[in-house]
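A quick note: this is a predicted structure, and the numbers were derived from the prediction, not measured.
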There are 2 protein chains.
Amino acid sequence: MRRDVFAAIADPTRRQVLDLLSRRERAAGELGRAFPHISQPGMSRHLRVLREAGLVRVRQDRRHRFYSLRSERLGEVDAWISKYRGFWETELDSLEAYLDARKRPGAGPGA
Amino acid sequence: MRRDVFAAIADPTRRQVLDLLSRRERAAGELGRAFPHISQPGMSRHLRVLREAGLVRVRQDRRHRFYSLRSERLGEVDAWISKYRGFWETELDSLEAYLDARKRPGAGPGA
DNA sequence: ACAATATATACCAAGTGTGTTATGTAATCG
DNA sequence: CGATTACATAACACACTTGGTATATATTGT
């Protein structure tokens, strides 16, 4: 199943899982224990979503399934957000809004 | 209502709306007409989600409600994704996985 | 005041996501 | 082989999302 990366990272738990995996690979059970409020099958399903989005890979080692980060597809998110980078740093959006407002007298913040 | 930015941008239509707003502000109706497959109330609700996530602001001008980008909160997304930037460029994650695999003889790609 | 325009909300149906418990499956140990 | 460990899947409940139609609200034009 082909899943949308944006949807996959919409869940806070899954983002935290990726954060853990960015340091090193971890077994499914180890990840589960890192989130005590979620059941084992619950974590297994989160891992499935991440797998189907192509954000992690799995490696079987003896009895364990080790998940590791596969970051390529995060590039899609980065590419999208890149278009906005600089906006919140330079407050360019606020400036633009201000200028737009001034084009319509009486609507924006009057000088 | 306080909404999660990641959830707000999980929807493709809403991302496209933000893309349109990144160029210039637009009236709600104008945005609606840009997505003919979505009804007027449908677009209105998408705009509400973006509003509640703090991703847009609204300005009333005569009969129109002009939406404009408010990019600050996109910084949250950028901050998160920044931790991964460089991973997919340098293939650092793949290298790491390879090394991890070699630590466990017989499990990874044999030399 | 009344009609028209522009947008939002109410309401309902259908789909999807998340979480649970119970169960299945694969690998390892004795 | 039977038990145990590690993980995935099945089946189900429930909340949330999305999209539609109908309606409300606000502003402007006549």
Side-chain angles (χ1 to χ4, degrees), chain A residues 1-18 20-21 25-53 55-68 100-101 104-108, chain B residues 1-18 20-21 25-53 55-68 100-101 104-108:
Chain A
M1 190 186 180
R2 210 348 154 252
R3 250 182 227 263
D4 180 28
V5 179
F6 285 89
I9 65 169
D11 184 274
T13 301
R14 288 195 290 267
R15 286 199 298 279
Q16 287 183 260
V17 167
L18 291 178
L20 286 174
L21 294 181
E25 68 168 5
R26 296 185 197 245
E30 193 185 350
L31 290 168
R33 271 172 258 119
F35 301 85
H37 58 293
I38 294 180
S39 66
Q40 178 265 313
M43 176 55 65
S44 191
R45 291 202 40 186
H46 278 305
L47 292 173
R48 169 137 89 142
V49 172
L50 291 173
R51 249 188 292 127
E52 290 174 348
L55 289 169
V56 296
R57 71 172 76 72
V58 204
R59 175 175 72 81
Q60 182 103 23
D61 180 44
R62 300 168 52 99
R63 280 192 230 177
H64 296 266
R65 286 172 77 82
F66 283 93
Y67 282 84
S68 59
D100 275 332
R104 306 167 188 278
Chain B
M1 191 184 178
R2 211 341 157 257
R3 249 181 227 266
D4 180 27
V5 179
F6 285 88
I9 65 169
D11 185 275
T13 301
R14 288 196 290 266
R15 285 199 299 278
Q16 284 183 262
V17 168
L18 292 178
L20 287 173
L21 294 182
E25 67 168 8
R26 295 184 197 248
E30 192 185 350
L31 290 168
R33 272 172 258 118
F35 300 85
H37 59 293
I38 294 181
S39 66
Q40 178 264 316
M43 176 54 65
S44 191
R45 293 211 48 196
H46 277 306
L47 292 173
R48 168 138 89 141
V49 172
L50 291 173
R51 248 188 294 126
E52 290 175 346
L55 288 169
V56 297
R57 71 172 77 71
V58 204
R59 176 174 70 82
Q60 182 103 22
D61 180 44
R62 300 167 53 98
R63 280 192 232 179
H64 297 265
R65 286 171 77 80
F66 282 93
Y67 282 83
S68 58
D100 274 333
R104 305 169 188 277

Legend entry - Residue whose closest nucleotide on DNA chain C lies nearer the 5' end, A:Ala10 versus A:Arg63: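 So the residue in question is A:Ala10.
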Inset, instruction - Taking only the side-chain nitrogens and oxygens of B:Arg48, find out if one of them lies under 4.0 Å from OP1 or OP2 of C:dT7. - result: no
Legend entry - C:dT7 phosphate, OP1 or OP2, under 4.0 Å from B:Ser44 side-chain N/O: no
Result block: side-chain N/O donor-acceptor pairs under 3.5 angstrom for residues 39-46 of chain B, not counting sequence neighbours:
| unit_1 | atom_1 | unit_2 | atom_2 | d |
| --- | --- | --- | --- | --- |
| B:Ser39 | OG | B:Gly42 | N | 3.2 |
| B:His46 | ND1 | B:Arg14 | NH1 | 3.1 |

Inset, instruction - Heavy atoms of chain B, cut-off under 4.0 Å: which first and last nucleotide of DNA chain D, 5' to 3', fall inside that, if you could look? - result: D:dT17 to D:dG29
Specify the separation, in whole Å, of atom [atom1] of [X] and atom [atom2] of [N].
X: A:Phe66; N: C:dA27; atom1: CZ; atom2: C1'; value: 14 Å
X: B:Met43; N: C:dA6; atom1: CE; atom2: P; value: 16 Å
X: B:Leu31; N: C:dA6; atom1: CG; atom2: P; value: 14 Å
X: A:Asp11; N: C:dG17; atom1: CG; atom2: P; value: 11 Å
X: B:Leu47; N: C:dT9; atom1: CG; atom2: P; value: 11 Å
X: B:Arg33; N: C:dA6; atom1: CZ; atom2: P; value: 7 Å
X: A:Arg62; N: C:dA26; atom1: CZ; atom2: C1'; value: 14 Å
X: A:Gln40; N: C:dA22; atom1: CD; atom2: P; value: 14 Å

[X] to [Y] - nearest heavy-atom pair and separation:
X: B:Ala10; Y: A:Asp4; result: O-OD2, 3.7 Å
X: B:Ala34; Y: B:Leu20; result: CB-CD1, 3.9 Å
X: B:Val56; Y: B:Tyr67; result: CG2-CD2, 3.7 Å
X: A:Leu21; Y: A:Ser68; result: CD1-C, 4.3 Å

Inset, instruction - Decide if atom CZ of B:Arg62 counts as having more than 12 heavy atoms of other residues, nucleotides or ligands within a radius under 6.0 Å. - result: no
Inset, instruction - Could you tell me whether A:Ala7 contacts a base, only the sugar-phosphate backbone, or nothing, with contacts defined as non-hydrogen atoms closer than 4.0 Å? - result: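 Result for A:Ala7 = nothing.
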Inset, instruction - Remember a base hit wins even if backbone is also touched, and classify B:Arg14 as base, sugar-phosphate or nothing at under 4.0 Å, heavy atoms. - result: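 Here B:Arg14 touches the backbone only, sparing every base.
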Legend entry - A:Arg45 (side chain) and C:dG19 (base): donor-acceptor pair under 3.5 Å: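 Per atom types, the contact qualifies.
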Inset, instruction - Just compare C:dT7, C:dT9, C:dT21 and give me whichever is closest to any side-chain atom of B:Arg65. - result: C:dT7
Inset, instruction - Please round to the nearest 0.5 Å and tell me the distance separating atom CG of A:Leu55 and atom CG of A:Leu47. - result: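 That separation rounds to 11.5 Å.
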